[in-house]
Amino acid sequence: MRVPILAVITLLGWPAFAEAELALPGNAAVRAWQEAASAFDEASLTACSEPAVPADPVAVDRARQAFRELVLRWQAARTWLVGPAVPADLASRIWFWPDPHGSAGRQIARSLASGKSEGMAASGLGMGEEVLFGGGPVGGTEEPGQRGCRLLRAVSGAQADLAKAISTEFAATRLSDNDRRRLLLISMRDSLDRISQEKIARPLGLSIDTARGQRAEAWRSGLSLAAIGASLEAVEAVYLTPDGVAARLAALDDGQVLDTMIRAQFERTKAALAAVDLPLDQAVSDPTARPRVEALLQEVQQLRLLVVERLAPAIGISLGFNALDGD
């Protein structure tokens with residue numbers, strides 16, 4: 001008698017189906033990033049399609065909105081991007097940030113002067129933000145606007161190609177459910193480290209006198225807090241995904257207590273983020289708003305502690321070394 005293959009897989013409990021279910025939310029987030037990159041490319045080409053006529057402010061505004069959407073979709077996808085399909089330098093190719101030594105800033109300045117992409121940073125979203133939100137002209141008949149258009153088209157094309165290549169390879173990557181769960185927990189830790197150390201603490205400084213708002217990510221486009229929110233939501237989504245980390249924790253006899261603590265900490269962290277009512281680059285230097293940013297940092301750090309010191313040991317996963325440790 002011929003037994004249907006689906007029945008055999010179900011009876012044997014082969015991991016491919018569990019792995020596929022665990023991979024679905026990540027694949028969706030990465031596809032959404034790829035679609036946003038394609039939409040940004042289209043909007044940029046439209047804004048810069050006719051060099052012989054005056055710039056179209058409506059088309060430029062649409063390119064700005066497409067840029068904002070792409071930045072947030074990238075933030076949402078980044079935590080899910082784990083495994084061999086993800087190049088080590090992917091984040092730098094998308095946005096060379098943070099830039100502690102100023103190398104990205106110098107590449108962008110040279111590119112703005114020449115109208116040609118010079119260096120990795122000039123093909124990334126930092127260049128796109130500078131062109132669209134830096135105050136210079138975009139499009140039209142004058143050379144400064146044309147330089148901006150050449151650079152914007154180079155950025156949008158590079159980002160669309162990169163996102164498409166990564167999305168295709170990521171969707172084709174096969175990991176066991178245990179390996180994917182382990183890598184996603186490590187990615188949760190790394191994302192929380194980026195939020196606390198780079199996105200918040202770096203512009204915050206040690207005191208109001210050492211605050212540097214322009215160190216905030218995406219401050220020109222006004223996306224600093226939204227980027228934190230998108231990244232935090234991705235970490236929570238990774239935690240809650242079916243057959244993921246929370247499911248493994250719930251299977252433990254005493255896992256419910258810790259799961260409740262983690263979920264409550266996510267809520268406190270999101271509430272702290274919502275309480276910051278000025279753009280981050282302004283809030284860090286404002287005597288009234290700065291304590292709210294400090295409170296947000298504390299909540300993110302507390303969430304990170306729960307993940308690293310309670311969650312990982314509880315489900316038997318070793319997180320290993322993080323590149324941000326010791327910075």
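What you see is a predicted model, and the numbers here were worked out from it, not measured in a lab.
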Side chain to side chain donor-acceptor pair (under 3.5 Å) contacts touching residues 228-239 (sequence neighbours left out): Glu236-Lys270, Tyr239-Asp259
Side chain to side chain donor-acceptor pair (under 3.5 Å) contacts touching residues 156-165 (sequence neighbours left out): Asp41-Ser156
All ring pair (Phe, Tyr, Trp, His ring centres under 6.0 Å) counterparts of Trp80, not counting sequence neighbours: none
Euclidean distance, Glu299 CD relative to Ile200 CD1, rounded to 0.5 Å: 10.5 Å
Between [X] and [Y], is there a shared hydrophobic cluster once you connect ILVMFWY residues whose side-chain heavy atoms come closer than 4.5 Å?
{"X": "Leu305", "Y": "Leu185", "result": "no"}
{"X": "Met120", "Y": "Leu152", "result": "no"}
{"X": "Ile228", "Y": "Leu303", "result": "yes"}

Just to verify, what does [X] make a side chain to side chain contact (heavy atoms under 4.5 Å, CB included) with, not counting sequence neighbours?
{"X": "Pro287", "result": "Ile208"}
{"X": "Ser167", "result": "Val30, Arg31, Gln34"}
{"X": "Ala226", "result": "Leu72, Leu223"}
{"X": "Ser224", "result": "Ala216, Trp219, Leu280"}

Arg268 and Gln265 side chains, donor-acceptor separation under 3.5 Å: yes
Parallel, tilted or perpendicular: rings of Phe40 and Phe67 (30°, 60°): perpendicular
Contact list for residues 183-206, test ring pair (Phe, Tyr, Trp, His ring centres under 6.0 Å), sequence neighbours left out: none
Side chain to side chain donor-acceptor pair (under 3.5 Å) against Arg153, all qualifying residues, sequence neighbours excluded: none
Contacts of Gln75 that satisfy side chain to side chain donor-acceptor pair (under 3.5 Å) - sequence neighbours left out: Lys199, Glu217
Trace of the salt bridge (charged side-chain N to carboxylate O under 4.0 Å, His left out) decision for Arg180 with Asp177: CA-CA 5 Å; Arg180 190 178 298 274; Asp177 52 344; over 6 Å; no
Any donor-acceptor N/O pair, Ser187 side chain to Leu184 backbone, under 3.5 Å: no
Heavy-atom donor-acceptor pair, Thr168 side chain to Ala165 backbone, under 3.5 Å: no
Residue pairs involving residues 97-114 (criterion salt bridge (charged side-chain N to carboxylate O under 4.0 Å, His left out); sequence neighbours excluded): Arg110-Glu118
Pairwise side-chain contact, Ile108 with Phe96, heavy-atom cut-off 4.5 Å (strictly under): no
Listed partners of Glu294 passing salt bridge (Lys or Arg N to Asp or Glu O under 4.0 Å), at least two apart: Arg290
